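A quick note: this is a predicted structure, and the numbers were derived from the prediction, not measured. Proteins come first, then strands; the chains are lettered A, B, ... in the order of their sequence lines, and each starts at number 1.
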Amino acid sequence: MSHTLSMTAAIARHELTRLFVSPLAWTLLAITQFLTALLFVMSLTDITLNPQHLNAYDGVSELVGAGMLRFVTLVLLLVVPLLTMRMFAEERKTGSIELLLAAPVTPSAIVLGKFVGLMGYLSLMLVLIAAMPLSLWLFTPLDMGVIASGLIGLWLVMAGFVAIGLFASALTREPTLAAISSLGALLALWLLYALSAIDWQPVLFGTPIKVGDFARHLSLISHDNALLHGMFSSADVLYFLIFVIAFLALTVVRIDADRDWPCV
Amino acid sequence: MAHEEHSDLLRAQGLCRDYAGSRVVHDVEISLAGGDVLGVLGPNGAGKTTILRMLAGTLAPSAGRICIAGADLRENPIAAKRHIGYLPERPPVYSELTVDEYLGFCARLHGIVRAKQRAAIAAAKADCELEAVGKRPISHLSKGFQQRVGIAQAIVHRPDVLILDEPTAGLDPNQLRGVRALIARLAADHSVIVSSHILPEIQAVASRVMIVNAGRIVLDAPMTDLDGQATALEVGFAASPDAATLGEQSGVTSVEAISPGRWLLTLDPTHADIRVALAERAAADGWQLNLLSPRSVTLEDRFLRLTSGDSSDCMPDETP
């Protein structure tokens, strides 16, 4: 167990080093920060020009905080596949995966290490993003509960996206294929959320099927939505936990099977 | 033979590997004792890489088992892999990292304790003559240096068994000599399995040679058994005697006609040199000797014979 942990730490540290010596990580960080800042400034301008939008229910924390974090989720949709495609797919392509497969390391440690490494990078991104709404605290009272739960939600969304991205990456040796398929999967999750708004109840064997409800319970985004509104429920957190563990487990299974059925 | 002992460092039994329904490696048996340098020789596509990947644990055999230092590679992969250093066909480097960063990761990956990491990395760099490039990104290094980084990665944890897949592929003659000398140095305290499709590579470093063709081992013998074994003599006469007369000469085991008046005499290796006797006999009987050239059946002859055309006919009698 301690061996797995120390190997996980070694691989996570390695992934972080690799990220920060590559221009990709810095560029993604910069672009995300730039786009988010743009939205942040725009929503602040909107509030200054139309202060009537602020009312008893939607304060600054809600309008700026939640609105901005929702936008970050959209950016992550594009950023995460670019990061996860480097993990297994690109390593297969360059041959460096052989180092990991030949080393005295379990597949779980490899997958977990890569997950932790990427989450370390994304956590830094989260801190930089959080700095923006938190800077408003200097000028106006903020609902810290709403912002904190929104940030936790964003962090959980990151974990979910990374888990899916890692699994997609483990399925192929083409980095572009890995990026496109995880983007597709993430967009499908997004669409599932849109589906939850549809009030369509087809009747099957005399029982009305609540398609909207199903979609809402399955979609990653709708679970995040509650958190963005400051409703911290353990059910939502549990959903993310199960989601992440499930996809990481699938990734471990695929990497373990690499020895028997190499990826073509 | 030494490699039949039970103290084998590495032992592979009945290794087979199937790809998409067809068998590409058949019943490979390998045993490697401490200090052995096993050269795996074969034409491109013979299955060398597949065999080495199975030994290194990055590819599971479809049948058969592998034991490394007493640990079964399938049942106890972590324990078995601690004893292996592996250089795949392409060096498994992260080109964005510097040599030091990369070797640091390899040391941690092989569980070298923190206190010993620095010394282990320094030793591996010294062995591979990488001291001068420690701070340089691997992507800035030449192919030869990248290859050496790959070898440094394989030896950083001082494994008992070193598996090198075509370590000299794509190198220029100078780099080639450097890597060859490095392998010879490493052979002093590691058991090495090295593969190549180039014969002199193997001849230069190996103490045992294994020739692979079409996924089967067609020859497995110590190098000393192969050098200068089964010597032959090529002779020519202007007034040639017949084959039977030549065959009567003591020390000659068989006679083969090459062209009119030219013969290839296969000699009994235990018999004393017959050249002087043969020349005197030719002078006495007026055969008019005009060619007397010793030929040894080299590893190259064997390699060509074993790996060209149909391999099935030389399979049983060539395996000692």
Original post:
Considering all heavy atoms of both residues, which atom of A/Ala103 and which atom of B/Lys81 are nearest to each other, and what is their separation?
Top reply: O-CD, 3.5 Å

Subject >> Atom group of A/Val21 that falls short of 4.5 Å from chain B, counting heavy atoms >> reply: side chain

**OP:** Please report the closest heavy-atom contact between B/Pro92 and A/Gly95, naming both atoms and the distance.
**Re:** CB-O, 3.7 Å

**OP:** Over all heavy atoms of both residues, which pair between B/Glu101 and A/Thr17 is shortest? Give the atoms and the distance, please.
**Re:** OE2-CG2, 4.1 Å

Original post:
With side chains defined as the heavy atoms from C-beta onward, is the minimum distance between A/Leu99 and B/Cys106 less than 4.5 Å?
Top reply: yes

Original post:
Just wondering, do A/Ile11 and B/Leu109 contact through their side chains at under 4.5 Å, heavy atoms?
Top reply: yes

Original post:
Got a sec: does the CH2 of A/Trp155 have more than 12 other heavy atoms crowding it under 6.0 Å?
Top reply: no

**OP:** Using a strict cut-off of less than 4.0 Å between a Lys/Arg side-chain nitrogen and an Asp/Glu carboxylate oxygen, indicate whether B/Arg74 and A/Asp260 qualify as a salt bridge.
**Re:** yes

Original post:
Do A/Glu98 and B/Glu89 come within less than 4.5 Å of each other through their side chains, counting heavy atoms only?
Top reply: no

**OP:** Step through the shown structure and confirm whether more than 12 heavy atoms of other residues, nucleotides or ligands are within 6.0 Å of CZ on B/Arg118.
**Re:** no

Original post:
Are any of the side-chain heavy atoms of B/Tyr94 and A/His14 separated by less than 4.5 Å?
Top reply: yes

**OP:** Report the C-alpha distance between B/Thr58 and A/Arg259 in whole Å, list the side-chain angles of each, state the deciding distance to 0.1 Å, and finish with yes or no for side-chain contact (heavy atoms from CB on, under 4.5 Å).
**Re:** CA-CA 6 Å; B/Thr58 64; A/Arg259 297 179 172 97; 5.7 Å; no

Original post:
What's the shortest heavy-atom distance between B/Arg108 and A/Ala10, and which atoms?
Top reply: CB-CB, 3.9 Å

Subject >> Rounded distance [0.5 Å steps], OG in A/Ser96 versus CZ in B/Arg90 >> reply: 8.5 Å

Original post:
If you round to the nearest 0.5 Å, how far is CG of A/Leu24 from CD of B/Glu96?
Top reply: 10.5 Å

Subject >> Heavy atoms of other groups near A/Arg13 CZ, more than 12 under 6.0 Å >> reply: no

Original post:
Is it the case that more than 12 heavy atoms not belonging to B/Lys116 sit under 6.0 Å from its NZ atom?
Top reply: no

